[in-house]
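Every heavy atom of this structure was used, including side-chain atoms; hydrogens, water molecules and symmetry mates were not. Values in this document were obtained by computation on a predicted structure and should not be read as measured data. To find a chain, count down the sequence lines: A is the first, B the second, and so on, and within it residues start at 1.
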2 protein chains.
Amino acid sequence: MQSLIAAAATRCPVLSKASSASREALMRHAVLRRLDRGSCVFTHGDAAESGYVLMEGWIKITRTQPCGAISILTLHAPGETFGFSDSIRRLSRKATAEAATACTVLSVSARSICQTMRNDPNFGDTILGHAFQQNDSLLEQLETLKIYSGVQRLACFLIRHAKPDQERHIVRLPFNKNLVAHYLGLKPESLSRSFARLKEHGVRTVPEGIEISDLDALNALVGDIAGLDLRMTA
Amino acid sequence: MQSLIAAAATRCPVLSKASSASREALMRHAVLRRLDRGSCVFTHGDAAESGYVLMEGWIKITRTQPCGAISILTLHAPGETFGFSDSIRRLSRKATAEAATACTVLSVSARSICQTMRNDPNFGDTILGHAFQQNDSLLEQLETLKIYSGVQRLACFLIRHAKPDQERHIVRLPFNKNLVAHYLGLKPESLSRSFARLKEHGVRTVPEGIEISDLDALNALVGDIAGLDLRMTA
DNA sequence: CGCCCTCTTGAACCAGTTCAAGCGCAGTGG
DNA sequence: CCACTGCGCTTGAACTGGTTCAAGAGGGCG
């Protein structure tokens, strides 16, 4: 158990930057939680009491509109953190975090985070830096939605999650494509067709996941925008 | 001059929450800058040395892709702040801030922000809260892009910027619609057609700006989503 | 084996884009 | 004073990317 928590410290971008004293303080009340696929870490409206470090598995953050429409706001891969924003501000949850696969998450109480920030100003900077970084990634997501087509957004997504493997790259997506589709702002059918289109650019589905034979080709695809509009003046 | 800076303190969401001592420390080196429409507060790649409080006018934050495509990331109304993220982290600017109208901005040096955070832990919390809030607004923007149609996004935008005026509401947009279009992820022509569609819902262009005769009707329009997809399972 | 679930495919359809033309208006210069 | 020009905005018609609806293929499981 203790070693697992130590492992968390090394892989988490927030914890890894904290001093060892701060890290120990945080870990003292940290709890490791296992989640089955489909269960929720927290739900829209809950009181927010902890931030989370995702040790294994994928988490999706969703919001449900009054009329019933669901939007997938973010998708977190192993090693990432989530749920800090609401908990540190002591607000109620503004979204729902659901396990997209079986997950292990490390729950760190907001109380101890805040206390650590008081004791160690450097840790405050780390948290702030983390918030800003999340900001950057949201901006990037916004950018792709505004200027890229569906196929290009998929290409971006694959590039971001590609892991080198011999001569090629592999993307392991241990959950259904329905989720990816919604995340990219597409319908499942459109995603399927987008994958079909990417076959011509060296993207194939293999048993281990999705194989990218030529990463540069994908990057080139993302490089040129179809609806290039230089009419912007002021 | 001194009174203007005091005014800044009261209208800015960050400064208004700071202690008077912190506020004074920040204001000591703050500089008021006037900008003509079209000029840049900062440009992608610059060293980031200040955060800004927008006193008058509108600022657009844009990013230009290598291929030349421009995306409008955010649009700031008077009273809002921008440019804190990169400057506090002492990174180079990741986007460009351009005056969409003639502007007055208060420039606060990153050095003094960081120093104030050291001296006053409460101010650190304020900045952190600000970062989280910006996060929230980006998430909202993402949500609208993913699940709303163009007309609905426009309706959201108008609702957000509507100011009550007698029996009706008025939205003053002191810049060209081209900008609004890009911000909403639409082409100028599509925006024009969207406005035409909203005429049936009580939205008219009048000399003072855009008139909304029935805010509830607009809210209702945003309420029900066309492509409601409940096929989400896990 | 049949059932369910995920993913794919096809055909009709629709929102938003593209390209092109036209209007109203402010600025300019004869 | 008025033609000329440029710009912001609108409108129309053809087109396209993505959706919708419907059907079918493939795999896991009781």
Side-chain angles (χ1 to χ4, degrees), chain A residues 37-38 69-71 100-101 144-157 171 173-200 203-210 221-222 224-234, chain B residues 37-38 69-71 100-101 144-155 157 171 173-200 203-207 209-210 221-222 224-234:
Chain A
R37 177 187 140 144
I70 297 168
S71 62
T101 66
T144 59
L145 274 172
K146 279 189 190 168
I147 63 175
Y148 289 146
S149 73
V151 182
Q152 288 177 315
R153 295 204 295 273
L154 173 57
C156 281
F157 181 82
V171 186
L173 300 177
F175 40 78
N176 64 27
K177 294 192 175 176
N178 207 328
L179 175 56
V180 181
H182 276 79
Y183 173 71
L184 295 174
L186 290 172
K187 301 288 152 181
E189 297 92 330
S190 300
L191 179 69
S192 183
R193 287 181 233 272
S194 299
F195 266 117
R197 290 252 235 118
L198 285 184
K199 274 189 190 136
E200 305 155 22
V203 175
R204 267 193 323 154
T205 304
V206 292
E208 309 92 286
I210 293 152
L221 194 70
V222 171
D224 63 332
I225 277 105
L228 185 45
D229 187 354
L230 297 173
R231 277 176 289 171
M232 282 306 300
T233 46
Chain B
R37 175 186 142 147
I70 297 168
S71 61
T101 66
T144 59
L145 273 173
K146 280 189 190 169
I147 63 177
Y148 289 144
S149 73
V151 183
Q152 289 178 313
R153 294 204 296 275
L154 174 57
F157 181 82
V171 185
L173 300 178
F175 39 80
N176 65 27
K177 293 191 174 175
N178 209 328
L179 174 56
V180 181
H182 276 79
Y183 173 71
L184 294 173
L186 290 172
K187 300 288 152 183
E189 296 92 332
S190 300
L191 179 69
S192 182
R193 288 181 232 274
S194 299
F195 267 116
R197 289 252 235 117
L198 285 184
K199 275 191 188 134
E200 303 155 24
V203 175
R204 267 193 322 153
T205 303
V206 292
I210 293 152
L221 194 71
V222 171
D224 63 332
I225 277 105
L228 185 45
D229 187 354
L230 298 173
R231 277 176 289 171
M232 284 304 302
T233 46

Inset, instruction - Could you tell me whether the side chain of Arg193(B) has a donor or acceptor atom within less than 3.5 Å of a complementary atom in the base of dT18(C)? - result: yes
Legend entry - Touch class at under 4.0 angstrom, heavy-atom based, for Ser190(B) against every strand present: base
Inset, instruction - Assign Leu191(A) to base, sugar-phosphate, or nothing according to its heavy-atom contacts below 4.0 angstrom with the strands shown. - result: nothing
Between [X] and [Y], is any pair of side-chain heavy atoms under 4.5 Å apart?
{"X": "Phe157(A)", "Y": "Leu173(A)", "value": "yes"}
{"X": "Leu186(A)", "Y": "Val180(A)", "value": "no"}
{"X": "Leu145(B)", "Y": "Lys146(A)", "value": "yes"}

Nearest-Å distance, [atom1] ([X]) to [atom2] ([N])?
{"X": "Arg197(A)", "N": "dG17(D)", "atom1": "CZ", "atom2": "C1'", "value": "8 Å"}
{"X": "Lys177(A)", "N": "dG26(D)", "atom1": "NZ", "atom2": "C1'", "value": "13 Å"}
{"X": "Glu189(B)", "N": "dT16(D)", "atom1": "CD", "atom2": "C1'", "value": "15 Å"}
{"X": "Lys187(B)", "N": "dG12(D)", "atom1": "NZ", "atom2": "C1'", "value": "19 Å"}
{"X": "Phe195(A)", "N": "dG17(D)", "atom1": "CZ", "atom2": "P", "value": "19 Å"}
{"X": "Leu186(A)", "N": "dG17(D)", "atom1": "CG", "atom2": "P", "value": "13 Å"}
{"X": "Leu154(A)", "N": "dC7(C)", "atom1": "CG", "atom2": "P", "value": "13 Å"}
{"X": "Arg153(B)", "N": "dA15(C)", "atom1": "CZ", "atom2": "C1'", "value": "10 Å"}

Legend entry - Considering all heavy atoms, the nearest Cys156(A)-Tyr148(A) contact: SG-CE1, 3.7 Å
